[in-house]
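A short worksheet on the structure shown next.
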Amino acid sequence: KHKSEQSIKSIRGCVHAVMATVIAVLIVVGRLIFYAASGGFSSGVGFIQIAEFILASIMIAVTLIVVAVPEGLPMSVTVSLALSMRRMLKENNLVRKLHACETMGAATVICTDKTGTLTKNQMTVMETDIYGGESELLDVQNNIAVNSTAEVFRDTDGRLTSIGNPTEVALLKWLHKTGTEYTSCRESATVAEQIPFTSETKSMQTVAVLSSTGEKVRFVKGAPEILLDMCDEIAGNVSREHILETLAGYQAKAMRTLAFATQRLDGASCGKLVFQGVVGIADPVRDDVKEAIHICKDKAKVRVIIVTGDTPGTATEIGRQIGLVAEGEENVTITGTEFAALTDEEARELLRNPAFKIISRARPDDKARLVTLLQANGEVVAVTGDGTNDAPALSKAQVGLSMGDGTSRAKEASDITIIDNSFSSINKAIMWGRSLYLNIQRFIIFQMTINLCACLIVLLGSFIGLDSPLTVTQMLWVNLIMDTFAAMALSSLPADRKVLHEKPRKPDSHIINRRMSARIIGFGLVFFMLLAGLWQLLWHTDISCVRDLVRPDSLKLFVTGFTDLTHTKAHLSGYELGVFFSFFVILQFWNLFNAKYYKTDRSLIIDIVDLFRAPEKVKGSYSQGFILISLVILLGQVLIVTFAGRMFNVSPLAFADWLWILLLTSPVLVVSDLVRTVVNVRKMER
């Protein structure tokens, strides 16, 4: 696979090189034909003159290729991803794989665990129902103490601290509250064999020898429905129907249910596995999760599916508590066993039904299969997981989200780690992903507008026989603005919460849509016409200051310059080249703000008004990086024209000239901003 990717990259590189060569040859041949047809070569033309003309044409072709090809776009995208990665870390999202920053914004489905993500992961025994007498209660206590790997102890500050599975910890804390020290029970038993809990068996077993009686006993705990099928009898002559009613009551309160059973392996009662009781354990829902689910499914239009090992009743009740399942809504859940029994086509049809929201009693294989089938339906899937068994699903998903307290294997298989385990942090990851994609679109608008304008200027000059007003060094500076400074400025913009009010983009959508294409072509042509008129004006008149450009006769020449492509002087002066170069760059400086306001409900006018009325809104719209980089572009242009004139073939401009250039180019932003303000005010009124 790696070799194939390298081969594809090599082929693409060769294709780009061939295309660049073809463009250069076409420009050189075209200029030769056009120049010869217009009588540009004298009758006594020599080899040196032709060679100089060909060399100049090649330089123009190379300049055009440098301008036209967005070679800095991959670097710009990488910079944007890296900056977003750093900012997402502050929002409790540790990005482990760079591409996940953007992919998370395209997610259409989130398959989430319940424990720790939707709930607080603070398991507490809320209800108990132990059958039989004192001996059965003692068996259950020994079961909890011996058939466990958790530990509960007090730290140096006297606070109760725990290590191990949260459910086992809750049971040990319940023993502590009832006045029974689990350590004494555990020390009075010698463990002979232990079978850990697994998602497949949904039970844990321990064989131990009790020192008090010398009996060899097997303790079993696990899912009540599993133990009911395993047991030979029920203590206290309790009916199976009573147990099922008790379980249904616990599950209706969103409790996790756990059952206990004991089997004597020697003595008179040897051989019978006796069902001895059940407990209800509650894990409170996180305070912020209901609002987070509402934002995710109702505003961001991202579907949420809960995948949990809990019973259907418990899972459905949790779904109601967090607002995922509406009151009275039925047929929202399916068990892992039922899901596994479906064929792929049946399962895919089920997943197309928006009413389906929960898989209960799920196993790791069920989660991995769910991800695969959702992807087959064209969904972009994000999946959460914290255990080693979740690794296959995390690897298969477009974005794997491990939990901060998850296992190392889960984190290695994931793309993003949610440090605080909260679902609200997942919403923040979606917001940053969509904002990143929007920032990349803004940069493309900015860059391609400059590319189109600059290419047309270079082509115009090359085919009408005039020296290009933009030299190679000037174009390199323009490329530096486009590829580096503008990328950092636009990628440093804060995340916009408004993106959470939109639908996820389609996986097969193009990054340059029709709206962007119209904007690029429209602004590119407007800039070209302005600069072409200025260029012709400079060829037809001499100016000593920028203010001369607004004289009546100059304005007349500006208009007629489009039809009169002849020129009255051999070359433009360094001052005139400096004026044109500065006009070109400052136009793009204002256009940087136009790109910044793409697809927002704000404008510069609205920001100025809010600066005095609601400063926090303006702070949320800008970043210090954007403002700083904008100033660097502006000051850098002034310093280059003032102190690097020899390198850039320009002469310094006076302070008044800069003010006039800023004033004459400002309509690029002012007119656009007025239109944006009117449109956004109308939207707010609606």
Side-chain angles (χ1 to χ4, degrees), residues 125 127-149 165 167-168 171-172 174-175 178 180 182 185-186 188-251 255-281 309-314 335-338 360-361 363:
V125 176
E127 301 279 355
T128 60
D129 194 12
I130 308 300
Y131 312 125
E134 289 293 329
S135 62
E136 281 78 14
L137 177 60
L138 181 60
D139 281 342
V140 171
Q141 291 174 343
N142 284 329
N143 195 332
I144 292 173
V146 178
N147 191 23
S148 173
T149 58
N165 182 276
T167 301
E168 293 184 344
L171 293 171
L172 295 180
W174 175 73
L175 277 185
T178 59
T180 302
Y182 80 93
C185 296
R186 190 174 290 182
S188 65
T190 303
V191 176
E193 182 184 358
Q194 192 170 76
I195 302 176
F197 178 90
T198 66
S199 300
E200 287 75 18
T201 63
K202 295 191 180 298
S203 64
M204 179 178 180
Q205 302 183 30
T206 299
V207 177
V209 178
L210 302 181
S211 58
S212 59
T213 62
E215 291 180 300
K216 189 174 185 181
V217 183
R218 178 165 71 115
F219 296 112
V220 184
K221 68 179 179 183
E225 63 270 23
I226 300 296
L227 263 65
L228 277 173
D229 292 335
M230 292 173 58
C231 289
D232 301 305
E233 63 180 57
I234 301 173
N237 294 320
V238 176
S239 67
R240 185 184 182 94
E241 289 72 21
H242 172 78
I243 296 174
L244 295 177
E245 288 177 3
T246 302
L247 293 174
Y250 290 170
Q251 293 163 8
M255 294 184 189
R256 173 177 292 182
T257 55
L258 197 67
F260 303 93
T262 303
Q263 180 184 20
R264 262 70 184 179
L265 300 179
D266 53 20
S269 58
C270 173
K272 291 184 178 180
L273 182 63
V274 182
F275 192 97
Q276 295 177 319
V278 295
V279 296
I281 303 175
D310 289 332
T311 63
T314 301
T335 65
T337 304
E338 294 169 341
S360 57
R361 287 303 188 202
R363 299 164 298 181

Nearest atoms (heavy-atom pairs only) where [X] meets [Y]:
| X | Y | value |
| --- | --- | --- |
| Pro224 | Ala259 | CA-CB, 3.6 Å |
| Cys185 | Thr180 | SG-CG2, 4.0 Å |
| Thr335 | Pro312 | CG2-CG, 3.7 Å |
| Val220 | Leu227 | O-CD2, 3.8 Å |
| Leu258 | Gly222 | CD1-O, 3.4 Å |
| Phe219 | Asp139 | CE2-O, 3.7 Å |

Legend entry - Lys/Arg-Asp/Glu bridge criterion (N-O < 4.0 Å) met for Arg363, Glu200: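 Result for this pair is no, no salt bridge flagged.
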Legend entry - Lys/Arg-Asp/Glu bridge criterion (N-O < 4.0 Å) met for Glu193, Arg218: no
Inset, instruction - Go through the steps for Arg186 and Leu172 under the test side chain to side chain contact (heavy atoms under 4.5 Å, CB included), then give the verdict. - result: CA-CA 11 Å; Arg186 190 174 290 182; Leu172 295 180; 4.1 Å; yes
Using side-chain heavy atoms (C-beta onward) and a distance below 4.5 Å, is [X] in contact with [Y]?
| X | Y | answer |
| --- | --- | --- |
| Ile281 | Leu171 | yes |
| Ser212 | Ser188 | no |
| Leu137 | Gln141 | yes |
| Glu215 | Val209 | no |
| Tyr182 | Ile144 | no |
| Leu244 | Leu228 | yes |
| Val279 | Asp129 | no |
| Ser360 | Asp310 | no |

Inset, instruction - List in chain and number order the residues that pass side-chain hydrogen bond (donor to acceptor under 3.5 Å, both in side chains) with Asn143, two or more places apart in sequence or in another chain; answer none if no residue qualifies. - result: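 By the side-chain hydrogen bond (donor to acceptor under 3.5 Å, both in side chains) rule, Asn143 matches Asn147.
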Okay, side chain of [X], backbone of [Y]: is any donor-acceptor separation there less than 3.5 Å?
| X | Y | answer |
| --- | --- | --- |
| Ser148 | Ala145 | no |
| Gln251 | Ala248 | no |
| Thr262 | Val274 | no |

Inset, instruction - Could you tell me how the ring of His242 sits relative to the ring of Tyr131: parallel (under 30°), tilted (30 to 60°) or perpendicular (over 60°)? - result: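 Judged by the thresholds at 30° and 60°, the geometry between His242 and Tyr131 is perpendicular.
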Inset, instruction - Kindly write out the residues that satisfy salt bridge (charged side-chain N to carboxylate O under 4.0 Å, His left out) with Glu245, not counting sequence neighbours, or none if the list is empty. - result: none
Legend entry - Flag for Arg361-Thr311: side-chain donor and acceptor within less than 3.5 Å: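 No donor-acceptor contact under 3.5 Å links the two side chains.
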Inset, instruction - Could you go through the salt bridge (charged side-chain N to carboxylate O under 4.0 Å, His left out) check for Asp232 and Lys272 one step at a time? - result: CA-CA 6 Å; Asp232 301 305; Lys272 291 184 178 180; over 6 Å; no
Legend entry - Stepwise side chain to side chain contact (heavy atoms under 4.5 Å, CB included) test for Thr201 and Ile226: CA-CA 8 Å; Thr201 63; Ile226 300 296; over 6 Å; no
Legend entry - More than 12 heavy atoms of other groups within 6.0 Å of Asp229 CG: yes
Legend entry - Steps toward side chain to side chain contact (heavy atoms under 4.5 Å, CB included) verdict (Phe197, Lys202): CA-CA 6 Å; Phe197 178 90; Lys202 295 191 180 298; 4.2 Å; yes
So, taking the atom named [atom1] in [X] and the one named [atom2] in [Y], what distance separates them when rounded to the nearest 0.5 Å?
| X | Y | atom1 | atom2 | result |
| --- | --- | --- | --- | --- |
| Arg240 | Cys231 | CZ | SG | 9.5 Å |
| Thr190 | Lys216 | OG1 | NZ | 11.5 Å |
| Phe275 | Met230 | CZ | CE | 11.0 Å |

Inset, instruction - Go through the steps to decide whether Thr206 and Val146 satisfy the test side chain to side chain contact (heavy atoms under 4.5 Å, CB included), and finish with yes or no. - result: CA-CA 7 Å; Thr206 299; Val146 178; 4.0 Å; yes
Inset, instruction - For Thr149, enumerate each residue passing the side-chain contact (heavy atoms from CB on, under 4.5 Å) test, keeping only those at least two apart in sequence or located in another chain. - result: Glu168, Gln194, Met204
